[in-house]
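Note sheet for the following structure.
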Amino acid sequence: MSLTTYWLEHAWLGTHVEPGVALEVTQDGRIGALRTGVQTPPPGAEVLRGLTIPGLANAHSHAFHRALRGTVQVGSGTFWTWRDLMYKVAQNLTPDSYFALARAVYAEMALAGITNVGEFHYVHHAPGGTAYADPNAMGEALIEAAAAAGIRITLLDTAYLSSGFGEAPNTHQLRFSDGTAEAWAERASALKPREHALIGAAVHSVRAVPAAELATVAGWAEERRAPLHVHLSEQTAENDACQAAHGRTPAQLLADHGVLGPRTTGVHNTHLTDVDIALLGGTGTGTCMCPTTERDLADGIGPATRLQHAGSPLSLGSDSHAVIDLLEEARAMELNERLASRTRGHWTANALLTAATEDGHAALGLPDAGRLEAGALADFTTIALDSVRTAGPPARLGAETAVFAATASDVRHTVVGGRHVVRDGHHTLVGDVPSALAESIAALRA
């Protein structure tokens with residue numbers, strides 16, 4: 001039984017743009033039928049003018065980093081000085097303030113066409129490392145924030161045990177650590193999925209999880225068939241320290257301890273050897289590129305084309321939220337590669353949209369999302385084709401226009417589970433998203 005019918009003026013169907021598509025949504029929030037060649041809206045249909053694409057998947061997020069926007073762009077510095085500023089924000093988070101901030105951040109994501117977020121969550125405890133009465137109070141705050149903002153979340157509960165290759169956590173990191181991987185697993189096991197939320201796992205990095213503890217995290221994810229993510233080779237300093245401690249690269253260390261595989265996604269994967277690339281591709285381990293953060297932190301340009309050719313599926317994330325715009329992330333991945341290689345055309349617009357939709361959802365444990373087809377989750381977003389950025393090209397080039405010209409500001413509608421979360425550029429659940437952001441960020445600086 002259909003709940004709602006949407007008429008899509010133009011729809012991206014994975015390989016091409018189709019004009020006049022009627023999309024029916026079932027009672028359980030899935031696409032029941034998709035009819036092409038529908039030249040005018042059926043009676044009672046909700047009309048979505050512009051280009052409708054599957055909902056965007058933000059495969060890598062640290063919600064509280066949104067509070068850093070602007071402040072960490074003052075002057076110069078390195079990744080490591082940026083990290084010190086990040087720690088100061090993390091110290092001020094409470095379950096209530098994190099809920100308020102994350103709700104606003106996830107609402108900003110919905111306004112940008114994002115229907116699912118992979119939250120790489122490691123701020124688990126109170127300052128000093130004391131557990132809250134509910135040991136998962138911070139994770140629960142994020143899950144509830146996503147519900148309040150109307151989007152889906154894969155909470156990637158993160159093991160973070162060390163300041164670097166066996167060193168004890170520093171003062172700031174105490175609230176990230178459960179002490180051991182076994183204690184992390186016990187706490188994470190109490191988290192339960194819900195209709196809008198999946199529970200996955202993450203290894204923060206090889207510097208933050210001792211080698212002897214890696215298999216415990218990987219085993220927890222394997223037992224649950226859950227997504228497993230890991231920051232990988234983001235910095236050359238991490239590679240050098242891993243070589244000094246273990247005589248191998250981070251990718252090789254992860255392979256030795258069973259972390260790599262088709263449900264695992266390496267985030268950044270920036271500074272890899274040929275052997276690393278072959279390991280990731282050969283095991284089907286995914287790659288999540290976060291170009292706006294990687295360039296903001298001067299991390300470098302990762303070997304995305306080589307990784308994909310080796311067999312590593314690509315997804316995209318906004319990571320530190322220097323901007324929240326998955327269209328920009330897709331565009332940046334291609335344009336970065338052009339700068340590095342001095343050649344054009346590494347990915348088509350269709351391939352870049354696939355990374356931002358279908359492959360991103362798969363990396364977050366939702367293989368039934370990210371496509372406009374019968375049976376898929378009814379999560380989609382509509383991009384204006386008549387804004388100052390997108391006006392002019394023919395609609396059949398809507399994919400190219402979306403990727404290479406549009407921005408998050410061109411998102412007009414976002415639908416999750418068949419229900420409008422963003423309508424005509426306005427969030428239906430969070431009335432004033434800019435104020436919600438400003439107030440929740442100011443509260444962390446008080």
| query | How long is the span from the CE atom in Met333 to the CG atom in Leu314, to the nearest 0.5 Å? | reply | 5.0 Å
| request: Give the C-alpha distance, both sets of side-chain angles, the deciding distance and a yes or no for side chain to side chain donor-acceptor pair (under 3.5 Å) between Thr26 and Asp28. | output: CA-CA 5 Å; Thr26 61; Asp28 61 353; 2.3 Å; yes
| query | Taking all atoms of both residues into account, what is the closest heavy-atom pair of Ala149 and Ala110, and its distance? | reply | O-CB, 4.3 Å
| request: Check the side chains of Ser318 and Asn58 for a donor-acceptor pair under 3.5 angstrom, ignoring hydrogens and angles. | output: yes
| request: Ignoring hydrogens and angles, tell me if any N or O in the side chain of Trp347 forms a donor-acceptor pair with the backbone of Ala330 under 3.5 Å. | output: no
| remark: Between His62 and the options His65, His60, Arg66, the side-chain hydrogen bond (donor to acceptor under 3.5 Å, both in side chains) test singles out His60
| Out of curiosity, Leu372 CG to Leu13 CG, how far, rounded to the nearest 0.5 Å? | 6.0 Å
| query | Is any NZ, NE, NH1 or NH2 atom of the basic residue among Glu9 and Arg412 found under 4.0 Å from an Asp or Glu carboxylate oxygen of the other? | reply | no
| Side-chain heavy atoms of Thr414 within contact of Leu111, under 4.5 Å | no
| said: I'd like to know if the side chain of Arg371 reaches the main chain of Pro367, judged simply by a donor and an acceptor atom lying under 3.5 Å from each other, with no hydrogens or angles considered. | reply: yes
| query | Can you tell me if Thr270 and Asp299 form a side-chain donor-acceptor pair at under 3.5 Å? | reply | no
| said: I'd like to know if the side chain of Thr94 pairs up with that of Asp96 as donor and acceptor (distance under 3.5 Å, no hydrogens or angles considered). | reply: no
| query | Charged N to carboxylate O under 4.0 angstrom, Arg103 versus Glu144? | reply | no
| request: Working to the nearest 0.5 Å, report the span between NE2 of His10 and OG1 of Thr382. | output: 11.0 Å
| Between Phe120 and His231, ring centroids under 6.0 Å | yes
| field | Salt-bridge present (Arg194, Glu140; N to O < 4.0 Å) | value | yes
| remark: Between Ala332 and Pro291 the two heavy atoms that sit nearest each other are CB-CB, 3.5 Å
| request: First locate atom CH2 of Trp12, then atom OG1 of Thr381, and finally report the distance between them rounded to the nearest 0.5 Å. | output: 13.0 Å
| message | Pair His268, Cys290 - check side-chain contact (heavy atoms from CB on, under 4.5 Å), show working. | response | CA-CA 6 Å; His268 303 302; Cys290 305; 4.0 Å; yes
| said: For Thr390 versus Ala406, what's the shortest heavy-atom pair and its separation? | reply: CG2-CB, 3.8 Å
| task | Walk me through it: do His257 and Val206 pass the test side-chain contact (heavy atoms from CB on, under 4.5 Å)? | result | CA-CA 11 Å; His257 293 275; Val206 293; over 6 Å; no
| query | Would Asp386 and Arg49 pass as an ion pair if we require N to O under 4.0 Å? | reply | no
| task | With side-chain contact (heavy atoms from CB on, under 4.5 Å) as the test, would you mind laying out the steps for Val230 and Leu254 before giving the verdict? | result | CA-CA 9 Å; Val230 54; Leu254 294 174; 4.1 Å; yes
| Under 3.5 Å: donor-acceptor pair, side chain of Asp368, backbone of Leu377 | no
| request: Under the side-chain contact (heavy atoms from CB on, under 4.5 Å) rule, what do Arg175 and Val123 come out as? Steps first, then yes or no, please. | output: CA-CA 6 Å; Arg175 67 181 312 190; Val123 187; 3.6 Å; yes
| said: Checking the side chain of Arg152 only, and the main-chain atoms of Thr115 only, is there a donor and an acceptor separated by less than 3.5 Å? | reply: no
| Under 3.5 Å: donor-acceptor pair, side chain of His124, backbone of Thr158 | yes
| Any donor-acceptor N/O pair, Ser189 side chain to Ala185 backbone, under 3.5 Å | yes
| Should the pair His204 and Tyr122 be assigned to parallel (<30°), tilted (30 to 60°) or perpendicular (>60°) ring geometry? | perpendicular
| Is a side-chain donor or acceptor of Arg419 paired with a backbone partner of Gly150 at a separation under 3.5 angstrom? | no
| Do Thr5 and Glu24 get their side chains close enough for a donor-acceptor pair, meaning under 3.5 Å? | no
| said: Can you confirm whether Leu198 sits close enough to Leu364 that some side-chain heavy atom of one is under 4.5 Å from a side-chain heavy atom of the other? | reply: no
| task | Of all the heavy-atom pairs spanning Val89 and Ala67, show the shortest one and how long it is. | result | CG1-CB, 4.0 Å
| query | Can you find a pair of side-chain heavy atoms, one from Asp424 and one from His413, that are under 4.5 Å apart? | reply | yes
| task | Quick one: closest heavy-atom pair of Leu316 and Glu329, and the distance? | result | CD2-O, 4.0 Å
| request: Taking atom types as modelled, find out whether Thr285 and Ser312 have a side-chain donor-acceptor pair closer than 3.5 angstrom. | output: no
| field | Leu8 CG to Thr36 OG1 distance, which is reported to the nearest 0.5 Å | value | 11.5 Å
| field | Heavy-atom side-chain proximity of Glu294 to Ile301 below 4.5 angstrom | value | no
| Any side-chain heavy atom of Tyr106 within less than 4.5 Å of one from Ile153? | yes
| Side chains of Leu352 and Arg331: does their closest heavy-atom pair fall under 4.5 Å? | no
| message | With rounding to the nearest 0.5 angstrom, report the CG to CG distance, Asp157 to Asp178. | response | 7.5 Å
| message | I'd like to know whether CZ of Arg396 has more than 12 heavy-atom contacts from other residues, nucleotides or ligands below 6.0 angstrom. | response | no
| query | For Glu182, does the CD atom have more than 12 heavy-atom neighbours from other residues, nucleotides or ligands under 6.0 Å away? | reply | no
| 4.5 Å side-chain heavy-atom contact, Asn136 and His121 | no
| Would you find a donor on one side and an acceptor on the other, under 3.5 Å apart, between the side chain of Ser315 and the backbone of Ala59? | no
| note | side-chain hydrogen bond (donor to acceptor under 3.5 Å, both in side chains) with Ser233: of Thr249, Asn239, Asp276, Asn269, only one passes, and it is Asn239
| message | Let's go through His321 and Glu108 carefully: what are the C-alpha distance in whole Å and the side-chain angles of both, what is the deciding distance for side chain to side chain donor-acceptor pair (under 3.5 Å) to 0.1 Å, and is it a yes or a no? | response | CA-CA 10 Å; His321 313 314; Glu108 182 182 356; over 6 Å; no
| Which heavy atom of Tyr132 sits nearest a heavy atom of His125, and at what distance? | CE1-C, 3.5 Å
| Hey, is the main chain of Ser61 close enough, under 3.5 Å, to the side chain of Asp319 for a donor-acceptor pair? | no
| said: Donor-acceptor check, side chain of Glu119 to backbone of Ala63, threshold 3.5 angstrom: yes or no? | reply: yes
| Leu68 versus Ser320: any side-chain heavy-atom pair under 4.5 Å? | no
